[in-house]
Undergrad: 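Here it is, the structure, as structure tokens.
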Amino acid sequence: MDARGKRKKPVAIALTLVAVLLLSGTVTYFYFNSEEDEGYLTVDEAIKKGALHGDLPDNTTFNIRDRVIRSNIFSVPKVEKCRNYMVYLDNIDIYTVVYFESSGDFPLIFSGDRSNYFKEGNVVEFKLNAERHITGCNDTSDSLSCIDPVYNRELLMNLITSIELGHFSFVSLDVNNTGNGSFIMAVNDLFLPTNTPISWSTVTFTVISEDSWTEVNPELQLFSAEGEFLGNIEKERNYSMDKEIEVGDYIVVKNITSNTTLYVWGDAFSSFDAPVQKPGFNDFFRNHILACMELKPHESKE
């Protein structure tokens with residue numbers, strides 16, 4: 001064998017060793033990586049396996065690993081469901097809403113301030129545990145679900161019933177019957193779940209007549225506390241009214257011809273809309289009932 005052949009042999013052996021090391025390293029990496037990922041689900045995968053439904057076996061635990069797209073904290077009053085959905089403003093609960101990469105528009109809602117853990121862009125790991133929680137007004141009525149995010153959503157939905165019963169409003173309104181089917185509704189207080197104000201541009205309304213056969217087409221005119229006319233509130237958003245709701249602002253309601261329930265809707269959680277907007281997607285945080293009023297045109301003026 002000449003000198004050139006002698007040089008090629010060590011080179012070939014070296015290349016072979018490198019190839020073997022690279023291969024073994026790759027196999028080792030995938031082995032440990034697959035072992036590490038074993039048992040972890042994304043939020044979307046957990047939802048599809050029933051993590052957000054009440055048909056789970058007891059003591060079910062989902063190990064979640066997912067990337068945080070957005071998270072925000074908010075506060076709302078506790079609703080006493082067993083006392084006709086009464087609200088006590090001296091009992092405020094804090095929650096963290098988190099949107100994940102896999103679940104898009106659908107957020108999970110966690111108790112307390114978890115903002116230090118669920119930071120935007122972080123890949124986080126946590127557990128969803130199936131536990132029983134009381135759904136009725138006694139210990140015999142319960143449900144089995146992943147306790148933290150599911151039960152919290154149920155608690156928050158109680159706010160809607162509380163608002164409809166007149167026990168709570170994000171925007172509190174004094175209602176004055178001025179006669180001839182007209183009313184003045186003045187803002188006297190606000191409850192902001194976040195530090196972001198509620199804007200009039202997000203406000204819409206719906207009406208339900210006491211008589212199902214009676215059509216009601218009211219007109220809602222918005223004025224500032226100083227009496228400046230700001231425009232009409234419609235059944236669809238008026239994006240030109242870019243002004244935050246303030247105490248003293250008032251709405252003049254006209255053409256109420258029968259006893260009517262008036263719902264004022266708006267974006268009380270505008271600081272954390274879902275990162276992906278799906279047309280027609282109905283989410284608790286998208287469009288919320290801000291206040292509910294019973295307007296009775298034929299009652300005498302107070």
Undergrad: Show the nearest heavy-atom pair for residues Ile163 and His288, with the distance to one decimal.
TA: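 Between these two residues, the closest heavy atoms are CD1-CE1, 3.8 Å.
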Undergrad: Shortest non-hydrogen contact from Asn287 to Gly266?
TA: OD1-N, 3.4 Å
Undergrad: When you check the side-chain N and O atoms of Asp44 and Thr42, is any donor under 3.5 Å from an acceptor?
TA: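 Thr42 and Asp44 do not have a side-chain donor-acceptor pair below 3.5 Å.
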Undergrad: Mind checking the OG-CG spacing from Ser169 to Leu290? Nearest 0.5 Å is all I need.
TA: 8.5 Å
Undergrad: Under 4.5 Å between side-chain heavy atoms, hopping through other hydrophobics if needed: is there a path connecting Phe205 to Tyr250?
TA: no
Undergrad: With heavy-atom distances below 4.5 Å as the criterion, would you say the side chains of Pro218 and Val207 are in contact?
TA: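 They are in contact (side-chain heavy atoms under 4.5 Å apart), so the answer is yes.
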Undergrad: Regarding Tyr88 and Glu80, is there a side-chain donor-to-acceptor distance under 3.5 Å anywhere?
TA: no
Undergrad: Classify the ring geometry between Phe170 and Phe168 as parallel (under 30°), tilted (30 to 60°) or perpendicular (over 60°).
TA: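 Rings of Phe170 and Phe168: perpendicular, as their planes differ by over 60°.
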Undergrad: How long is the span from the CE atom in Met185 to the CG atom in Leu220, to the nearest 0.5 Å?
TA: 5.5 Å
Undergrad: Before you tell me yes or no, could you show the steps for Phe223 and Ile184 under side-chain contact (heavy atoms from CB on, under 4.5 Å), namely the whole-Å CA-CA distance, both residues' side-chain angles and the distance that decides it to 0.1 Å?
TA: CA-CA 10 Å; Phe223 294 84; Ile184 295 178; over 6 Å; no
Undergrad: Between the main-chain N or O of Glu210 and the side-chain N or O of Asn259, is there a donor-acceptor pair closer than 3.5 Å?
TA: no
Undergrad: Backbone N or O of Gly112 within a donor-acceptor pair of the Thr96 side chain at under 3.5 Å?
TA: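 The answer is yes, because a donor-acceptor pair under 3.5 Å joins these two groups.
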Undergrad: Taking the side chain as C-beta and beyond, is there a heavy-atom pair between Met293 and Val264 under 4.5 Å?
TA: yes
Undergrad: Rounded at 0.5 Å granularity, tell me how far OG in Ser102 sits from CG in Leu41.
TA: 9.5 Å
Undergrad: Just wondering, more than 12 heavy atoms not from Asn91 lying within 6.0 Å of its CG?
TA: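 More than 12 heavy atoms, drawn from other residues, nucleotides or ligands, come within 6.0 Å of this atom.
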Undergrad: Do Ile198 and Ile160 land in one hydrophobic cluster if side-chain heavy atoms of ILVMFWY residues count as linked below 4.5 Å?
TA: yes
Undergrad: Start with the C-alpha gap between Val43 and Phe106, add the side-chain angles, then the distance that decides, and say whether side-chain contact (heavy atoms from CB on, under 4.5 Å) holds.
TA: CA-CA 9 Å; Val43 170; Phe106 192 88; 5.7 Å; no
Undergrad: Do Thr261 and Glu294 have side-chain N/O donor and acceptor atoms under 3.5 Å apart?
TA: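 Looking only at side-chain atoms, Glu294 and Thr261 do form a donor-acceptor pair, the distance falling under 3.5 Å.
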Undergrad: Considering non-hydrogen atoms only, spot the tightest contact between Tyr117 and Asn122 and give its length.
TA: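 Taking every non-hydrogen atom into account, O-ND2, 4.3 Å.
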Undergrad: Calculate, to the nearest 0.5 Å, the distance between atoms SG and NE2 belonging to Cys292 and His167 respectively.
TA: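 Reported to 0.5 Å precision, the distance equals 11.0 Å.
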Undergrad: Taking it one step at a time, do Tyr95 and Phe269 satisfy ring-ring contact (aromatic ring centres under 6.0 Å, His included)?
TA: CA-CA 12 Å; Tyr95 297 93; Phe269 300 89; over 10 Å; no
Undergrad: What are the two closest non-hydrogen atoms of Lys119 and Val68, and how far apart are they?
TA: O-CB, 3.3 Å
Undergrad: Crowded around Ile94 CD1? As in, over 12 foreign heavy atoms under 6.0 Å?
TA: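 Atom CD1 in Ile94 is not crowded, with 12 or fewer foreign heavy atoms closer than 6.0 Å.
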Undergrad: Taking C-beta and beyond as the side chain, do Phe74 and Ile109 meet within less than 4.5 Å on heavy atoms?
TA: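 Sidechains of Ile109 and Phe74: in contact.
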Undergrad: May I ask you to test the Val171-Val203 pair for a side-chain heavy-atom distance under 4.5 Å?
TA: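 Val171 vs Val203: side chains apart.
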Undergrad: Any chance CG of Asn84 has more than 12 other-residue heavy atoms, nucleotides or ligands included, within less than 6.0 Å?
TA: yes
Undergrad: For residues Ala225 and Val247, report the shortest heavy-atom separation together with the two atoms involved.
TA: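 Looks like CB-O, 4.2 Å.
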Undergrad: Has the side chain of Thr260 got a donor or acceptor atom that lies under 3.5 Å from a matching backbone atom of Leu295?
TA: no
Undergrad: Could you state the interatomic distance from CG (Asp242) to CH2 (Trp200), rounded to the nearest 0.5 Å?
TA: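 These two atoms lie 13.5 Å from each other.
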Undergrad: Asp267 and Ser199: side-chain contact (heavy atoms from CB on, under 4.5 Å), yes or no, with the steps?
TA: CA-CA 8 Å; Asp267 194 351; Ser199 173; over 6 Å; no
Undergrad: Are the side chains of Leu262 and Phe183 in touch, meaning some heavy atoms are under 4.5 Å apart?
TA: no
Undergrad: Less than 4.5 Å apart, any side-chain heavy atom of Arg65 and any of Val123?
TA: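 Arg65 reaches Val123 side chain to side chain.
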Undergrad: Are Val76 and Ile245 connected in the hydrophobic side-chain network, where two residues link if heavy atoms are under 4.5 Å apart?
TA: yes
Undergrad: Would you mind reporting whether Val252 and Glu219 have side-chain heavy atoms less than 4.5 Å apart?
TA: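 No, too far: nothing below the 4.5 Å cut-off.
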Undergrad: If you define the side chain from C-beta out and look only at heavy atoms, does anything of Val98 sit under 4.5 Å from Pro107?
TA: no
Undergrad: Are Ile256 and Leu173 connected into the same hydrophobic cluster when the rule is that any two of I, L, V, M, F, W, Y join if their side-chain heavy atoms are below 4.5 Å apart?
TA: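 Result: yes, single cluster for both.
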Undergrad: For Arg70 and Glu120, what are the C-alpha separation, side-chain angles and deciding distance, and is it a salt bridge (Lys or Arg N to Asp or Glu O under 4.0 Å)?
TA: CA-CA 5 Å; Arg70 183 177 302 170; Glu120 183 174 334; 5.4 Å; no
Undergrad: Would you say Thr257's side chain and Asn255's backbone share a donor-acceptor pair under 3.5 angstrom?
TA: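 Judged by distance alone, no pair lies under 3.5 Å.
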Undergrad: Does Val79 belong to the same Ile/Leu/Val/Met/Phe/Trp/Tyr cluster as Leu89, with side-chain heavy atoms less than 4.5 Å apart forming each link?
TA: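 Val79 and Leu89: one cluster.
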Undergrad: Apply the test side-chain contact (heavy atoms from CB on, under 4.5 Å) to residues Ile289 and Glu164: give CA-CA distance (whole Å), side-chain angles for both, the deciding distance (0.1 Å), then the verdict.
TA: CA-CA 8 Å; Ile289 300 176; Glu164 290 176 336; 3.9 Å; yes
Undergrad: For the backbone of Thr196 and the side chain of Thr194, can you confirm whether one donor and one acceptor N or O come within less than 3.5 Å of each other?
TA: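 Yes, the answer is positive, given that a donor and an acceptor are paired below the 3.5 Å cut-off.
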Undergrad: Which heavy atom of Lys296 sits nearest to which heavy atom of Asn177, and what is that distance?
TA: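 Lys296 and Asn177 have their closest heavy atoms at O-ND2, 3.3 Å.
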Undergrad: Look only at the side chain of Asp93 and the backbone of Pro77, and say whether a donor-acceptor pair between them is shorter than 3.5 Å.
TA: no
Undergrad: When the ring planes of Phe110 and Phe118 are compared, do they come out parallel, tilted or perpendicular, using 30° and 60° as the limits?
TA: parallel
